[in-house]
Each structure stands twice: as structure tokens, then as C-alpha cells.
Amino acid sequence: MDVSQYLEIFIDESAEHLQTLSDCIMSLENEPDNKDTINEVFRAAHSLKGMAGTMGFKRMQHLTHDMENVFQEVRSDKIAVDSAMIDLLFKCLDALDQYLENVKSSSDEGTEDNEIIIKELNDFIAKANGEAPAAAAPAAEAPAAAPAEEKSEGPEKKFLHLELDDSETAAIEDARKSGNKVYGFTVYIHPECLLKAARAFLVFRAVEDFGQIIVYRPSSQDIEDEKFEFDFSFYVSTNEELDAIVAAAKDVSEISEVVAEEITELPAKEEKPVEAAPAAPAASATPAAPAPVKKDDKKAPAKKDAKPVTNRTVRVDIEKLDALMNQVSELIIAKNSLVSISSQDGGSSSNQGFHEQIEYLERITTNLHESVMKVRMVPIESVVNKFPRMIRDLSRTLGKKMELTMTGEDTELDRTVVDQIGDPLQHLLRNSADHGLETAEVRKERGKPEIGHIFLNAYQEGNNVIIQVGDDGNGIDTEAVKNKAIERGIITAEQAESMSQKEIVNLLFMPSFSMAKKITDISGRGVGLDVVKSGIEALGGDVETRTKLGEGTTFTVRLPLTLAIIQALMVEIRDEKYAIALGSISNIENIPVTDIKYVQAQEVIHLRGSVIPLVRLDKVLDIEPQDDPENLTVVIVKRGDSQAGLVVDNLIGQQEIVIKSLGKYINGNKLISGATILGDGEIAMIIDTNTLI
Amino acid sequence: MADTSLEIAEMNTKQYIVVQIGSEKYGIDIGYIDNIVRMQKITRVPKAQSYFKGVINLRGEVVAVMSIRKKMGLEEDVFTDKSRIIILKLEEKGLLGIIVDEVCEVVTLSDDQIEPPATGPKKGKDSFINGIGKNGDTLISLFEVSAIVEEKEEK
């Protein structure tokens, strides 16, 4: 079977399953007895095994198979979850990750057999079976859905015990009235079968040649989604002979048993408990439960019903979305040019309809842009949910106790940003774990809780997303940083004297500046915060640091929601037009020239209690200077806590602009972050105000 | 027979667009050319390399425009009715406009009409040229397009 076309789906879904496994195993560590979690783990491992098998990745299949065996034992209460086991399971996950990486890069799983891990897994099972023969006896009675147990009981005629809802009963009655016979079937699929749903489908197709299937257990949707163990039941309304149908069903490969007989009276109707009607579909919705034979089976799955049904989604290549975004950009440029034409003719009354339509068009394009943007938005969850595991591992390697709390994992960002934000965040977290947190002894001395606290909080603020990463550890020792910088020759002792705390902290973001006293695996290789900073700046964001010696450090990462289209204020300086991102503007002021003061030979204005440095944009942008008018128009821009006042000649107004790159030829230009095409076809430069503050 | 000789002839000829820059004629390999547009408003890019005039709006794309005169160390451009912007398309870096005084013609030169560039004392300027084409009486300096694009330390 050629499976290459499924490779991408396989990679995506395997990654999801691995993530589920990792999450569940993490939570198992805290509550080893949680049956729901164990079931979830089992399911994920099982799906993973099935998929790997289908794709022909034998080693991956083998490893997951053995993992699944361990979970099987856990599920039947033969082994208790302990930390040695958790460690081993994480090792398995890493090995599986590696397989997946290999598949990604070469479409092949590689040749590593991971025999050691497999052996350890088997040791676990052997230990469990050797030690706990007594425990095995009650386990066999328990409703655990081990296929072996079911087999030993012989093929049960489960269709006799189905609970029918009213419409189904009616369908059976109808069938009888029209002279057809109704047969009940229970089909057992071979336990090794990988594509159960496909087999079930083949059985249905074979049977439907003879008559109509009127009742499915589990429901046909669940069967399609492979939400069943190794058997399913159905009723057929037909006028053919039973034997012929059974033979046809048995003809489908990997079907181990088919049992059937005619239904003469409606089963289970009189013994149907009152609450059974709602419970039955709930039970069939979970693959863990076999067809609802026993009542106590129903309780647990009924709780699961709260879980959302799989979303209806379409996987779309990100390139197609990029193309769509480009089209929307073009549309907005075209719309802007219509807007500028309509405003040129001065709003004469004869054109009122035209103006209304233009406004309508504006609304539509803005909405369209927002929708497309939303399509491209994904929660940062996919990136941050690997962090708890990482912190756990770090806690082991560093020998420090620490815990990670995360909030706002559902905060959404543009896909491109999310794809690239992982490394910087990971770096900041490692930094917190390694440099930030003190050892347990020091923490005790300082009267802090023994377990170090690391946090990651994400939330949206206007057109930005803020991600705060920090710890309650030692904080940054600015004196030490200063000395290190002097030692490295980055600054002179005199410079150090006049530096503010903030400037000193910013030294940490200089290339190849590492504070680690010794180089560890975790950090301190000299590629450090500078990489974080450049990574985040490349995405149009910035990082801010807040630290207090002895109390902790917080890094605040600010990222733009979207990269391609922004709201901007258009300004004029002489005859040139420039755009300033609206998100960075705090207010606009009219300042009399006489209000300008000087601090350290730098022009400043004193505005509502804060002193704001003035930036003469004409000077910065190499435009011919002119004499000051009486009043200056000053655009106050902010970056975190800092502000600056940009002096411009004229304000044109607010506009939605499409950011275009200047191309690869013009370079060395940090001040201009891009260009945009205006309604009249003219080009305006976009000023990156972050470089001016 | 006739066919094969024609093929050989095709393999060894190249088409060039001949442009006037100052008093000289230059040839640009037609394979690099995406488009030729009339002079239009060029928007200055502050702090860019000095030989970049700015950017233009080429049907919705922002394209950088270079003054080839400045890059070669000639006197400032004078824009006339005949001035054109030649849009080059390069594999890795995309579109680039260069300003020329006039577009004259398209010529087909075969290998035997091209001579290696004269190695004189004026090396700096010659490095943009990879050959001299002879079309009848006129001499055409053939641009090495990759050299035009290449970034050089500014003095």
C-alpha cells in the first residue's frame, strides 16, 4: 500500500498523540490512580500504534505496543504507577519523538531499535505478573476490555442485549410489518486488526447487499471514527436467508467471528432502566467501553460525555493561507485607492450613493482581513505545552525543586509567530530554571517556599500579545553584571558608573554575554539572551526585563498579533509621507516651541508629570531642516515604559496599511521596518519607532 | 545539416538590450530582464545605501531602484523623457530596478563578437563589465549583472 500521501497527516496526528501522552503522563505522576487519565493514555498509545503499523513503521509500532502493554497492566490494576515507571515512559516518549523526527526528515523511522527501553518495559510487565497473581483474579472479573478475556468467554451474542431507542424500535416494527425478517449480528474483529473502521465498513457493505441495516451499536458515526473495541453489533432488515449474510460478513478479512440470529421479540425493553436512554449513547461514545452489557460500565463513560466531540476541521497548507493573505492585502490596497478617489471629489451630494458603497466596501474588507487573520491564528498551546515536561526534566538534572504554572495557553497568535516563538520562550524558561532559581537550601534560608516557582502568563493586550516568563528566584545581580561587563571589556568602569539599572540589565542581551559561572548543559554557552532578543525582534516584538535582587526576574515578551496588515497613523514631514504603527502611539500633542526644555543637551518636553525626549524626525530621516513653526505636532510613542515624542509636520490620518518588505537589496536600515503602498499608488515608509526610544 | 548548424549558432548567441548611460553604450543580458518601465516617482528610503535612489511601486510590489551611475562612480543622473527603469530579476534576491538614460535597441551577439574586457588601469569600474560586444562599428560594454547587485563597502 502506498502510504506516502498520508505521511503528513501521520506526522501531525502522531505529534498530537505524543503530546497527549506527555500531558497525561505528567498528570499521572501527580495522581497515579486517575482511571480516566490511564484510559486516555491507553487510547493515545493504541492509536499511535495503529497508525505506525499502518504506515509500516515497525520499530515505532513495536515500542508503542510494549508501552501499551504496560498501560494495559496499569489499567487492570496489576501495576501501580510509580516514578520509576514515569521516567521510563518519558524515555519511551523521547524515543518515539526521535522516530517521528526521523520520519519527518527522511520519511523513514530510522534504525534505532531502542531495545533497552523495550526490555525495561517488558521487565515491568514481568514483574507485575510475577508479583501479583492474586491481584490478577479480581482484575479478570473487572470490566476491563482485554480482548483475550473476551475471547475466552466465546463470542457473546451482544446484539441480544442492545438497548434501543424509540425510533429504532419503530424501525424494527416497520420492517416486520413489511414482511421482512430482522436479524441481529455481533461481529468480532481480529484483535491485531489496524483499520477496524475500514473492516466494519466492508462488513456493512457486504451486509447491505442483502438488506437494510436499521440499528448500529455503537452508532455508525462512532464506528466510522473507530470508537469501538473489537466488536460491534447491528440489526438488519431483510428477506434473504441468514446463513448467506453471515457468510458474506465472514468473507471480509480480519473478521474473527460473526454471530447472528433472528430477532423475534424486542430485546431488553422491559428491563430498560429509566436513565438508560441518555446513558446508552454516552457509553457508545467512548472506545474504552465495550457494548454496554453491564450497568456499572455506564457510569464512568457518562462523565466523559462532557468532552467536546472532535471539531470539524480542515487541514490547510500554510502556503495557501499566505496566498490568501496576499490577495487580501491587494484588495485592501485597491480599496484604499478607491477611498482616496472618493475623498478627492469632495463629497458632492450627487455622489452620496458612491460614498456609501465605498464605506460599505471598507467595512467588508476590514472584516475579511480579520477573518483571514483569525484563520491564521493558532493558540500558543502547541508551543508551550511541551514546557511542563521540560521543567520537570530540568528539575531532575539541576537537582532543584521547581514547578511551572502557565496561564493563557489559549491565547492566539499568527501561525508564523507561533512557529518561531518556541525557542526564545524555551530559552527564557531554561534561564529561569538554571540562573534564576536558587538551590533549595538557599531558598529556605531566605524564607521562600522550598519549591521554586516559574511562571508563563500569556494574554492579549490591544494589538499585541504579551507573554511573561519569570521566576521567584534570585533576580539579576546588577553589580555582578556590571563587573562582568567591565571584565569583558564591553564597557569601561566610567561608563558603568553612569549606567542605570535598566541599561545594565540590557547588557545581558548583548551577544556572547553569559553570566553562568560554569557552563552547563542548560545554559551558559554564550549563545543566550541575545538570541532570544534577536529572535523576538525578527517577529516585530520586543523583550523587557524587570528584576529585583532576591525576589525574582520577569521577562515580558511583546508580540504583534499579525505581521502583514496594521492600523497606522500617516504623517507628513515636508513632502514625504511616513506611517507609524498605531499600536505604539500613546497620544498626540500640540506643543508650543517655547515649552521645549533641555536636559543634558537633549530636547525634552515636560508633559503631565513625565519628561519625554523629543526626536526630530526630519533630522533622523535626513530631511532638509526648516525653521520651527510656533507649535510643534508631536506624536508620543511608547515602548514598554519608555516614551519619546516624534516631531512631525502634519498628521494625515489613520489608515489600514499593508506592510511590504523593502526587498533584499536595501539593507542596514533598522529605522524603516518596511514600506506600504498608499491609495494613490505612492509609497510611504513605515517607521519602526522602537529604534527611536 | 542546415538544422544542426542553426542549432549550434543558437547556442552560441545571446540577446542583449543596449542602453545608454552617459556617453557609453552598455548591454544587459536579456535573460535577466523582467521589464522596462518609464521613469516614475521614486520614494526615497532614508538611511539606505547612497546608490539606491529609493523604491517604486511596480504593480503593487515595492521594488528597490539603484542608480547605476552612482554605483559606477559616474556623475548624478539627469532624468529626461528617455530615461527608463530597467527591472532586473535575480534568482535569490528578487526584483531590482536600475536607471538608464535611454534604451536603444536589442542586439544578438555571438561568441566571436564578444571580446574579453580590456584590462586597463581603471580596474574599479571595469569590474562591472564581463566583455565588450562589437555590433558593426559600435562597441557595447556587457554588464556582469551579478557584480552590479553585489554589495561593496562604501567609502
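Every chain is numbered from 1, with letters handed out A, B, ... down the list of sequences. Side-chain atoms are counted along with the backbone in the values below, which use heavy atoms only and exclude waters and symmetry mates.
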Please state whether the side chain, the backbone, both or neither of A:Ile677 comes within less than 4.5 Å of a heavy atom of chain B. side chain
Does a side-chain heavy-atom distance below 4.5 Å link B:Pro46 with A:Ile672? yes
To the nearest 0.5 Å, what is the distance between CD1 (A:Ile683) and CZ (B:Arg44)? 13.5 Å
Please classify the contact of A:Thr676 with chain B as side chain, backbone, both or neither, using a heavy-atom distance under 4.5 Å. neither
Neighbour count above 12 (heavy atom, 6.0 Å) for A:Gln602 CD: yes
In terms of heavy-atom contacts, does OH of A:Tyr360 have more than 12 from other residues, nucleotides or ligands at under 6.0 Å? no
In terms of heavy-atom proximity below 4.5 Å to chain A, should B:Gln40 be classed as side chain, backbone, both, or neither? neither
Mind checking the NZ-CE spacing from B:Lys47 to A:Met685? Nearest 0.5 Å is all I need. 14.5 Å
Would you confirm whether B:Gln49, through its side chain, and A:Tyr665, through its main-chain N or O, come within 3.5 Å as a donor-acceptor pair? yes
Give, for atom CD of A:Glu682 and atom OG1 of B:Thr43, the distance between the pair rounded to the nearest 0.5 Å. 6.0 Å
Look at atom CD of A:Glu319 and say whether more than 12 heavy atoms of other residues, nucleotides or ligands are closer to it than 6.0 Å. no
Tell me whether B:Asp81 at atom CG has more than 12 heavy atoms from other residues, nucleotides or ligands lying less than 6.0 Å away. no
With a 4.5 angstrom heavy-atom cut-off, is it the side chain or the backbone of B:Ile42 that approaches chain A, or both, or neither? neither
Heavy-atom check, side chain of B:Val55 versus side chain of A:Ile666, under 4.5 Å: yes
